[in-house]
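Each remark here refers to the structure printed beneath this line.
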Amino acid sequence: MSLYATQLECLLVVLALGTLLTDAFRPTADKRKLGLLLAVLVGLTLVASFLMHPVANTFFHGTYRLDAFALFFKRLFLVVTALVLVASAEFADRIEGGMAEFYALVLLAATGMLIIASVNDFILLFVALELVTITFYILTSYLRRQLTSLEAGTKYLILGALSSGFTVYGIAYIFGTTGTTNFDTLAATLEHGATGAAFKLGMLLVVTGLGFKIASVPFQIWAPDVYQGAPTPVTAFLATGSKAAGFALLLRVMLVGLLPVNHLWMTLVLVLAAATLVYGNLGALPQRNIKRLLGYSSIGHAGYMLMGLAAVNALGAGAVLFYLGQYAFTNLCAFLAIIAATKVIGSDDIPAFAGLGKRSPILGVALFLAMASLAGVPPLSGFFGKFQLFAAVIERAQWDSRYYALAGIGAAAVVVSLYFYFNIGRAIYLQEATDTTPIPVSPAMRVALYICMIAMIGIGIFQRPLVDAAVDAASIFGLR
Amino acid sequence: MNLPWIILFSPLVAAVVITVFTRRFQMLSALISIAAILIGFAFSLSIFKFLATGGNLELIQPRPFQWLVIGDLVKIEFGATMDRLSILMLLVVTGVGSAIHIYSVGYMKGDPGFSRFFACLSLFTFSMLGIVLANNFIQIFIFWELVGVSSYLLIGFWFEKPSAAEAGKKAFLVNRIGDFGMMLGVLLLWTQTGTFNFAELPGKIAAIPAGTLGLIGALIFCGAVGKSAQFPLHVWLPDAMEGPTPVSALIHAATMVAAGVYMLCRVSFLILPSHTALTLIAWIGGITAVMAATIAIAQNDIKRILAYSTLSQLGYMVMAVGLGGTTAAMFHLTTHAFFKALLFLGAGSVILALHHEQDIWKMGGLWKKTPITFATFMIGTLALAGVFPFAGFYSKDEILLLAKAHSLPLFILGTATAFLTAYYMGREVFVVFFGKPRDHHAYEHAHESPWVMTLPLVFLAILSVIGGWHSAVPHFLDPATEIEHSNLGYVLLLVPLAGFAFAAKIYWKAEPSDAPVKAALGKVWTWVENKYYFDELYLWIVKYVQGTIAATCELFDRWILQRLGIGGLASTTSIAGKTLRLLQTGNIQSYAFFFGLGVTVIIYYVVVR
Amino acid sequence: MENLLTIAILLPLAAAFLTFLFPANKPGAIRALAITATGVSLLLILYIFSQFDRSQSGYQFVYSIEWLPSFGCSLKFGVDGISMTLLLLVGFVSFAGTLVSSEIHERQKEYYILFLALTTGISGTFCTMDLFFFYFFYEMAVIPMYLLIGMYGSLPPGKHGRTKEYATMKLTLYLTAGAVLALIGLLTIYFTGGTMDIEKLQRSVWVASNTQKWVFGCLLFGFGFLASMWPFHTWSPLGYAAAPTAASMMHAGVLKKLGAYGIIRLALPLLPEGARHWANLIAILACFNILYAGWSALTQKDWKFVIGYSSVSHMGYVLLGIATLNVIGVSGAVLLMFAHGIMAALTFSLIGFFYHQTHNRNVPDLSGLARKIPFIGVCMVMAAMASSGLPGFANFVSEVMVFIGAWKQGSTVFRIATICAVWGIVVTATYLLWAVRISFFGPFDEKWNMLRDAVGPLKKFPYVLLIVVLLTVGFCPRLLTDIIQKTVADKIVATDSHGFAQMEKR
Amino acid sequence: MIVHDTLFWFFSIAMLLCGVLVIVNHNPVASALSLVLLFVFLAGLFVLLEAFFLAAIQILVYAGAVMVLFLFVIMLLDIKASERRKFRWLGIIGGLVIVAALVWELAFILIQPIQPLATGPAGFQAGLKDVVKPLFANYMLPFEVTALLLLVAMIGVILLSKKELK
Amino acid sequence: MTSTITLNHYLIVSGVLFALGMGGVVLRRNALVIYMALEMMLNAANLALVAFSKFNRLVDGQVFVFFIIAIAAAEVAVGLAIIVALYRRKQTVSVDELNSMRL
């Protein structure tokens, strides 16, 4: 039974170990092919995941859930992992060594994320979170020859450790004041339990830790450096997988464990959302390095999603899930295109992308669409994501007019973000390339890009499937 | 009863056909256009006959159709009024029009834009007839604008001549200013009565407070001021002489410029009750009359002299309206149409004879060379001056009587104008046709015009002679009235004669010149020579007043709105972005510091506070 | 039958997808495809118009698919008097636009894809009956416009020293800024009314009156951005100047009308109280549009800037008509949207015609063109006349309607506004005749000897088409006014008993 | 329970002193050693709290393995005894402010006594068995994940510190 | 056996330790020392947990501490590896020299 619940995780672990073993026995194997093979296998795992169905009761003595929410995220993480593996395979030639281990680590991190999707207990939360985080320390500093990579690794390491320190301390206080680490029991306790200052402290410190994962103000400050320094596939994984994991936890903790005391944290999330929106979108304005810019942009998007959380309603929760879903495709599309392009142009600076549309139509259109989707322009998926989030906020605003201010800030942020996203679009299509040698794109990359683009446009126009999935997943919170 | 429709639309059809199909076949185009207007003339005559033989107007009322209907609030018809006024005007327009159409064939011969010319001419005829037949204010406004545009096109017919292009533009814009007032007047009237229809309006006038009615009258009069080139909007008409002479004859002498007067007569029910409006109109008319006449004495362009005389004659008519004598106004309008058209065509024939020479001081002694032209021109002159028994005498007589009856100052103005008219016409005739030829080369080549041109001259000459006999027009307009014949008329006959005598004394010599008059008038001469500097004044206003406003707007747009407003917003945003970047020092400890700071602040706000 | 409308709307989009599959090296085929697509959709629209039941005020040809039950939103198309009129506008302009796009020579594939997508986006906005899809299509113009202007546009280095990148970015930002502002208002309405169906909303929802005030503000200014309402107009002349011919036709002709349409379709009927609260301000801003933009146009040297400002000034009449809140004025506004759309498209296509050959559109640099290109000259004069409200053209009718409506509204503000508006016609005539006189009349400048006139029916067709439309509506306005005013009376200004009725009766 | 109290005060104060030393020492070796002491005293506190098993683990893992690792690295990199004497006042002040603020806030929170829930049985004893049994019952999954985590750490350390790259 | 030492005493001690750790992270530039400070913070958490589990009479806290210690060890290993790699590349462990990426 428990095995059934964790079969996907087990599959990934098996894949990881298998990779290590093949590498041990046949070190000469083509690493690129290996990566693509793994991607396919993960894809199959994803297919398999659709055979599973939500289960009402918990597993492992209440520490693990396999509800719609969990499945939604597991599938999301599998998609992300598959595409990240493709990205890594395309990136393989830029990593001096240990490619197999790289894949293995990606898979193990993915395992951690899949567990995170089901976490229902603070202890498991912490352990799984650490599994992901520590793996990312290694992945971030994987390019040992590049100072930027190591530097990013160190920063992520220290700040990450700091945040997990806060998390643990917070968990300690929650445990101490409520006597439980299980979300359901916690909620039950909070229903009728008076909550003292100590409990609030614990709550805030946990929020701190999770806020760090999703790069929300004031814990966002690591993001730009790490995004810029990390190997691009890792950046992609950070921006999509790790962030989604953070939100998965945040939603679980806030909307299951801490839902009864939402009056304590709604205002806080509201303010954080606004601050994050402002910081991310303003900070991105002067950036020239595309990865760094995407770092800021991921802060901004954390802000958008926090809008959905701050609204504390069914619409909002569903909106966040939908947003994460489409955001993964959009971001991966961007990063895949960047990886393919930088292979030739060799620089992450936006001006270097000038004339990309001419040099490689597919990369041009992919990157442009990704940017447009991030900016939230129809008919791309990002548009509907934002639409839902705004809808959620406005719905809440019907009772609490402060939320109109939040919506206003969000609106302003949309306009500002349009500027820097379309600046990239400008480089791609409006500016002439200095050297016009065409950029080759491997078939695998093409496939991945097409998948992303079709997803972006498809979800953007036919929103219903993803919306239904998200709403279904969010239904576990029993919000109105 | 569809005759009116046929009359109205056949020129339009002609215009369209010419533009679309027969542009290349010049004669065909001309024929089509002439045919169209002749049809109009014929039908008008038949209607006239029908009426003259005691036919009932009701029988020939065409059914209007609803052109624009909005709820039950706005009903704008497209109809045709059939009454004596409009029928008279129909006759004038189509009759004189036909003559001029035919004349044009000769005058425009060989011009590359021959077909275009006739297309425009037909378009104009259509618009003019539209004004005549209109049965409501919106409809009249529509055609009002259309004649404006066709005159724009015809004045600027030789568009490559900058002066012509300018003149066309000027005419259109000045008229627009008049229409501005007219539109407002119509709107005001509508809000008061809820209808635009001439038929329905009279019943509802009584309800309007006197002040408002006066205002309405004045505003609508603005339209007439523009169209009929009354002071202070008269400046466009002289420039309009840049157009081909037939155009000047048809549009800027006989018909269009008279439209203002016609419109006033059409809506007299609106004006007559309001004393203020009447006074205003009368005085504007009087002033225009005398002012134009004075200007005319110092002009050297054969057509411009006629143009100013047109102005002053229009002044007469408007004055007549202002004095409540719509009949008299229409009477003078009719006769004026005849002889002024005649004069213009005559001038045109002269100009053609001298190969487009318009300066009277380069002419002279032409009566031998162009006898018919001379004879007809002479008739026109006498008629215009109001010499018995020519048409002008009777019509002008009416107006002066009216003036005498109502206000002495206006009567004096009128008489003075009469005198001046005779004087400057005498000047023109003597300088152009008598004395020794001054430009011998031109003189040698001068020749009488072909029959297509002389025929209309004769036709119009006849009309100018008989046009006023038995006060046919007033009788036709309202058979009821009985024209009283006072002896004053015959006294007034002395005025033009005096004018001629005076002119003759100065100009009837081998080498006439303005020198003596110049000497006599001194400063005044320069003023009238420069048309009282109206153009300069308006130019100044346009250049400095409007120019300044426009420049201000543009600067505000560029600097305040775009640079300061939008640019400011944008730069503030980007500055904010750059400042945020300062946090991102890259130093781990500062990062940790911000991290801790964030935590402490949050704890402070949520827990401690 | 119902599907006809949907087909007409989505046909261009389908063609865009089809084009995507075409090889880029067959521009001829792509162009042909685009022309056929827009042409056929125009024919369909005309057919729909002919089948349109003129006695009804409600939506017709309604076709709806359940789309997002969780949002209560469905893909629902339908036309009433207003949408019908504007749909016709889109049909004509897009068709003419594709025809004159022959000037585009490189990257034609992308060009036509974008243009077709834009077309569908706009007609979708006009015909959708669903709040969400209204916003969806409304925003869909962003990408095509950005790329069309950015990739194919041209902005001669003038005194402004602006690049086309700047222009297109500015345009995009304005469009989005307005959109998101409006979105807040729209969502508030949605949560008050509980449905996305505009028709249902009009029937059921009654927003609390103090909410109405600020929500209307959101919609007014949000849509006002796109309607180039003063002082949010500065993007518009610049944008047109930078855009390629067809894009400026689409933009000045149609896209700009989306803003006004949004106000008429959503703000007026759903927020009557708010409307009355803001009416005076709208009227005042409208005057600014009319006169201020007109005067600014007087100082422009670049043909496209002249026309750009003039179209800003014309939107002033539309806004004034909207502000009147009575059947005459609002109907006038709608008709004016149509008339001005066609007229602006015509003007821009003509400018494009000679600019494509001269690569110079400075009014003073051109002189006497009428001799070399008489046809274009004639069309230009007609366009100028139309835009300065000459009878016989549709513009006159609509402007008169606006005047009457505004004058009827009666309050001092509106009286003064009307006077300004009527004077605006004089100003319009001033700058247009000036421009025409300088560039087309006067002595011909030999340096433009290489100019070739539009020869042959095919080349002349787009211009003739637009002119004919203008004249037709100008001579028999009831073709459109009847259906427009029916809808306006029943659906827009008289949706509720809260004052509009009285306003009608005063 | 005077003994208990005095021991508590002794351990606590000593531990905190070590903590201060860790921070203020300029020589990393000294910091490391004071950290070892800190761990030991902490273990002492564990004992006072009757968490004998954890106390043992604390000594073994921390004071043993972890610190050895630290010292080993320090020696390996033979980092200069003292850092450059460049004081960044801003940093110092900032750090102190944070510490002060945190302490103040914690004090504010902990000033009012927290009532123990005391849910468990009165004679609560956390012996070896009590602590270890849950690892294979309630907390089996975390336990497995920890295993994975160690594997990850192993791979990572090998990769990052291996000299030559294939 | 009434002890005057309450839960709060332990918590305050752990709190101070936690704050010290935080201060160490902010104040020190040596990556290794920073890392030690981080360990101190984790230990503060351990102390709090153990104290809670004692006074709440719940064993879960101690189990959690067990996990924390294990994970901390792993984390230290990885962290030190990274620091070593960094030192190899840049010959320093002083973190304020790591600012190649500021923009």
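What you see is a predicted model, and the numbers here were worked out from it, not measured in a lab. Letters A, B, ... are given to chains in the order of the sequence lines, protein chains preceding strands, and every chain is numbered from 1.
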Measuring heavy-atom distances to chain E, does [X] have an atom under 4.5 Å in its side chain, in its backbone, in both, or in neither?
X      : answer
D/P142 : both
D/F70  : both
D/Q115 : neither
D/L16  : both
D/I98  : side chain
D/V61  : side chain
D/L160 : both
D/A51  : both
D/A32  : both
D/L38  : side chain

On a heavy-atom basis, which atom in [X] and which in [Y] lie closest, and how many Å separate them?
X     : Y      : result
D/V24 : E/R28  : C-NH1, 4.1 Å
E/A70 : D/T146 : CB-CG2, 4.0 Å
E/M40 : D/G19  : CE-CA, 3.6 Å

Notebook entry, point to check: D/I114 versus E/F55: any side-chain heavy-atom pair under 4.5 Å?
Noted result: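 The answer is no; the side chains never approach within 4.5 Å.
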
When you compare the side chains of E/N43 and D/Q58, does any donor N or O come within less than 3.5 Å of an acceptor on the partner?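 The criterion, which ignores hydrogens and geometry beyond distance, is satisfied for D/Q58 and E/N43.
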
Do the side chain of E/N30 and the main chain of D/P28 share a donor and acceptor less than 3.5 angstrom apart?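 Side chain of E/N30 to backbone of D/P28, a donor-acceptor pair under 3.5 Å: no, none is there.
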
Q.
Check whether E/Y87 reaches the backbone of D/L77 with its side chain - one donor and one acceptor, N or O, closer than 3.5 Å.
A.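 Checked: pair present.
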
Kindly assign one of parallel, tilted or perpendicular to the pair E/F67 and D/F143, based on the angle between their ring planes and the thresholds 30° and 60°.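 Geometry flag for D/F143 against E/F67: perpendicular rings.
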
TODO: Assign the ring pair E/H9 / D/W9 to parallel, tilted or perpendicular, where the plane angle (0 to 90°) is split at 30° and 60°.
DONE: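 Perpendicular, since the angle between the ring planes exceeds 60°.
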
